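Labels below follow one simple rule: chain letters A, B, ... track the order of the sequence lines, proteins then strands, and each chain is numbered from 1. Because the structure is a prediction, the values reported are computed rather than measured.
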Amino acid sequence: MITVRFPDGATREYAMGTTGTTVVESISKSLAKATVAMRVDGVLSDLSDEVPDGATIEFVKRDDPAALELIRHDAAHVLAEAVQELWPGTQVTIGPVIENGFYYDFYREQPFSEEDLRAIEKKMAEIIDRGAAFTKEVWSRDQARAFFETKGEAFKVELVDAIPEDQSIRIYRQGQWLDLCRGPHMRSVKDVGQAFTLTKVAGAYWRGDSNNPVLSRIYGTAFATREQLEAYLTMMEEAEKRDHRKLGREMDLFHLQEEAQGSVFWHPKGFVIYNQMEAYIRRRLDGAGYKEIKTPQLVDNKLWVKSGHWGKFRENMFVVPDEIPSTEGEQPEISSDVNFLALKPMNCPAHVQVFNQGIKSYRDLPLRLAEFGCCHRNEAHGALHGLMRVRQMTQDDAHIFCREDQIQAETEAFCNLLDSVYADMGFSEVKILLATRPDTRAGDDAVWDVAEKGLGDALAATGRKFEIAEGEGAFYGPKLEFHLKDAIGRSWQCGTLQLDFVMPERLDASYVAEDGSRQRPVMLHRAILGSLERFIAILIENHAGKMPMWLAPVQVVVATIVSEADEYAQKLVDQLKAAGIRAEIDTRNEKINYKVREHSVGKVPVMFVVGKREAEEGTVSVRRLGSDGQAVLPFRDAMVALMAEAAAPDLKAAAQAA
RNA sequence: GCUGCCGUAGCUCAGUGGUAGAGCACUCCCUUGGUAAGGGAGAGGUCGACAGUUCAAUCCUGUCCGGCAGCACCA
């Protein structure tokens, strides 16, 4: 006999070898009907598994949040079966659950089309209706290899070979079809339900390596109920309206065009946001003991060779010949021994040049050099994405030159500054990653050991949660990455802190220590926003274009109802502007409804509407974006309130005190 | 860069093997109207580029360029 425990503390006795199915059926028919899987001592398992003696088991119903992952995983299996049934000879590879859905990668000569997706969905519905049960089998390695080899499933054979020796090879069968899978699964394909949809097809490299063949990846999502699926699809549709590229055009913030691919043309309104952000960060850095500098855009290749960028980063650099091309021939020509300059892709080597001027003492450390560094990187065309991924960007960059024993304090100070800035911007959900040594790197492993440990320890000391991103570090050192999400949930790295023992060595940076000896400083590369472009894009998407008052390109529009109020409106705008408010006037020959609509669509946070009455009384009718009411206030009061509201977050306290 | 899809007016999109349309935006006229679209008129496009097929190409085919999604790469 075995003893089974339940979450409420109750226990029951069963015969050896009893499965979860038997247990649940012994409790109640209705519970058995609703249950699709179980947790055995907290681990999600097949309901058909034997229950070990003394285990605590908890039943997972289909509408349980924990079941969502199972629904999606099972849906991926059904997707694979459907594809192989429709197009025999298509090879299957892997099909995991991801955030908001699942995908399955296939290898097939003929790529899938959007119409194929609809056909596959139909087939999936059919398979689900057939309702085959999931059954688990454990195979030997040879059996699995032989089976998939015979079927011509080369990718599966590779997967079998990749499973560690100490792990069993599990096969899940669903009717005629089967797949290599770790599990767990629900009772049968019927439990997947019909609240699923296939969303897109895309190419993806086998095992995430661009040297490998490209597979066809089919994405889909599934929910417990149709209502949840509909709600999700509606939410995504709404989120797409917050796309910063769309809002940037609608709000006349910026544009991009072919002739300067990946470089931003900031329009007057967009550049207000840009300038406000720059001014804000400048104040914050100044307050945190940074010194701002400006370094050259175009730098002789000699420096990039020395810094290691030429060796490790060349394919991303824009290189310029230091010579006027000859136009004698058909094509412009340059001589073979020409000297090259490169547009800086990063600011660090230039900052070391500033550090290296004169002799630095340990008393100068930590020295924090900041720059709004305009960097150019030749990004792959497929990587470009509005303001999020550009070829010309401006980083809120800084390099902290310090001693090894100052790393922890500097890391802590940086994390606190970053938290404060992100809080000011309204971001609370920040994902932190510790990125470790990449394959292409400079510096000895011993140096990397010290750097990775130093950064990890310093971060851990601040008490923040973080994940490890294996092999994602910069070529000169490990880094912390601070990620924010865009409107549709894509994650973008914004802030970063990178620990670097390599660059000071390569560029011969040194300081005089207390004992008179020459020592190498450590360099911390860091940015809070990352790039102004990307951060502004995230801000636009998170605010759906309705920027907070201090960032709003136009803070108030004074709109007239009748032309008799034009003169009064002009007087108000003059006073608002004199008070530092970004105010515009609208005296056009249009109805007030039209003006309200247009400025609402333009996301202007406040409108002062004036007619004959207001002009006579010296008041304004204040209308706020998104509200339908309005309040009539004396102009002075309205202006003073607006001024307080328009203060940047770091100046708010001072503005309120004044 | 890779895979797939897409490319018609400033924007959103119809459409056809015989060189083009709508709505909004724009310009002008009428309207002075009290909080999310008042009415009328006008202007605007070598249908992404280049080849090919055809009597004839915006439409069919190919190549290139660009955009979008994902992958790879990255702030």
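The salt bridge (Lys or Arg N to Asp or Glu O under 4.0 Å) search around A:R597 returns none, not counting sequence neighbours. Residues passing the salt bridge (Lys or Arg N to Asp or Glu O under 4.0 Å) test with A:K546: none are found, sequence neighbours excluded.
The distance between atom NE2 of A:H244 and atom C1' of B:rC68, rounded to the nearest whole Å, is 13 Å. Look at NE2 on A:H255: it is 13 Å from P on B:rG67, rounded to the nearest Å. What separates CD1 of A:I120 from P of B:rG4 is a distance of 15 Å, to the nearest Å. Atom pair A:E258:CD and B:rC64:P shows a separation of 15 Å (rounding to whole Å applied).
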Paired and unpaired positions of RNA chain B as dot-bracket, Watson-Crick or G-U wobble under 3.5 Å, | denoting a partner strand: (((((((..((((....[..)))).(((((.......))))).....(((((..]....))))))))))))....
Under 3.5 Å, which protein N or O atoms sit close to an N or O of nucleotides 10-12 of chain B? Give each pair with its distance.
{"from": "B:rU12", "atom 1": "OP1", "to": "A:R249", "atom 2": "NH2", "distance (Å)": "3.1"}

Under 4.0 Å protein heavy-atom contacts per nucleotide of nucleotides 33-38 of chain B, with B for base, S for backbone only and - for none: BBBBBS
Contact pattern, 5' to 3', of nucleotides 70-75 of chain B - B, S or - by protein heavy atom under 4.0 Å: BBBBBB
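Side-chain contact annotation: A:Y476 with A:S307, donor-acceptor N/O pair under 3.5 Å absent. A:Q84 and A:E153 share a donor-acceptor pair across their side chains, judged by distance under 3.5 Å alone.
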What donor-acceptor contacts under 3.5 angstrom involve side-chain atoms of residues 198-208 of chain A, with partners at least two apart or in another chain?
{"from": "A:T199", "atom 1": "OG1", "to": "A:Y219", "atom 2": "O", "distance (Å)": "3.2"}
{"from": "A:W206", "atom 1": "NE1", "to": "A:E158", "atom 2": "OE1", "distance (Å)": "3.3"}
{"from": "A:W206", "atom 1": "NE1", "to": "A:E158", "atom 2": "OE2", "distance (Å)": "3.4"}

Throw together a table of side-chain donor-acceptor distances under 3.5 angstrom for residues 562-571 of chain A, partners on residues two or more places apart or in other chains.
{"from": "A:Y568", "atom 1": "OH", "to": "A:T619", "atom 2": "N", "distance (Å)": "3.1"}
{"from": "A:Y568", "atom 1": "OH", "to": "A:T619", "atom 2": "O", "distance (Å)": "2.8"}
{"from": "A:Q570", "atom 1": "NE2", "to": "A:D574", "atom 2": "OD1", "distance (Å)": "3.1"}

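A:H351 has its ring centre no less than 6.0 Å from the ring centre of A:F401. Aromatic ring centres of A:W87 and A:F112: separated by under 6.0 Å. Side-chain rings of A:Y422 and A:F535 approach one another, their centers coming within less than 6.0 Å. The six-membered or imidazole ring of A:F102 lies away from that of A:Y104, with a centre-to-centre distance of 6.0 Å or more. Note: A:H255 and A:F265 meet the aromatic proximity criterion, with ring centroids under 6.0 Å apart.
Counting heavy-atom neighbours within 6.0 Å of A:E259 CD, excluding the residue itself, gives a total above 12.
Nucleotides B:rG21 and B:rG70 place their P atoms 38 Å apart, quoted to the nearest Å. Only the C1' atoms considered, B:rC74 is 35 Å distant from B:rC13, to the nearest whole Å. Of the C1' atoms belonging to B:rC47 and B:rA57, the separation is 11 Å, rounded to the nearest Å. Between B:rU27 and B:rC60, the two C1' atoms lie 40 Å apart (nearest whole Å).
Contact annotation for A:E564: no contact, since no heavy-atom pair falls under 4.0 Å across all strands.
Within a heavy-atom distance below 4.0 Å of RNA chain B, no residue of residues 424-436 of chain A is found.
Here salt bridge (Lys or Arg N to Asp or Glu O under 4.0 Å) pairs that include residues 607-632 of chain A, with residues two or more places apart or in two chains, are A:R624-A:E645. The salt bridge (Lys or Arg N to Asp or Glu O under 4.0 Å) contacts involving residues 376-399 of chain A comprise A:E379-A:R389, where partners must be two or more places apart or lie in separate chains. Note on residues 582-625 of chain A: no pairs pass ring-ring contact (aromatic ring centres under 6.0 Å, His included), not counting sequence neighbours.
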Worked check of side-chain hydrogen bond (donor to acceptor under 3.5 Å, both in side chains) between A:T436 and A:E470: CA-CA 5 Å; A:T436 57; A:E470 215 67 65; 3.3 Å; yes
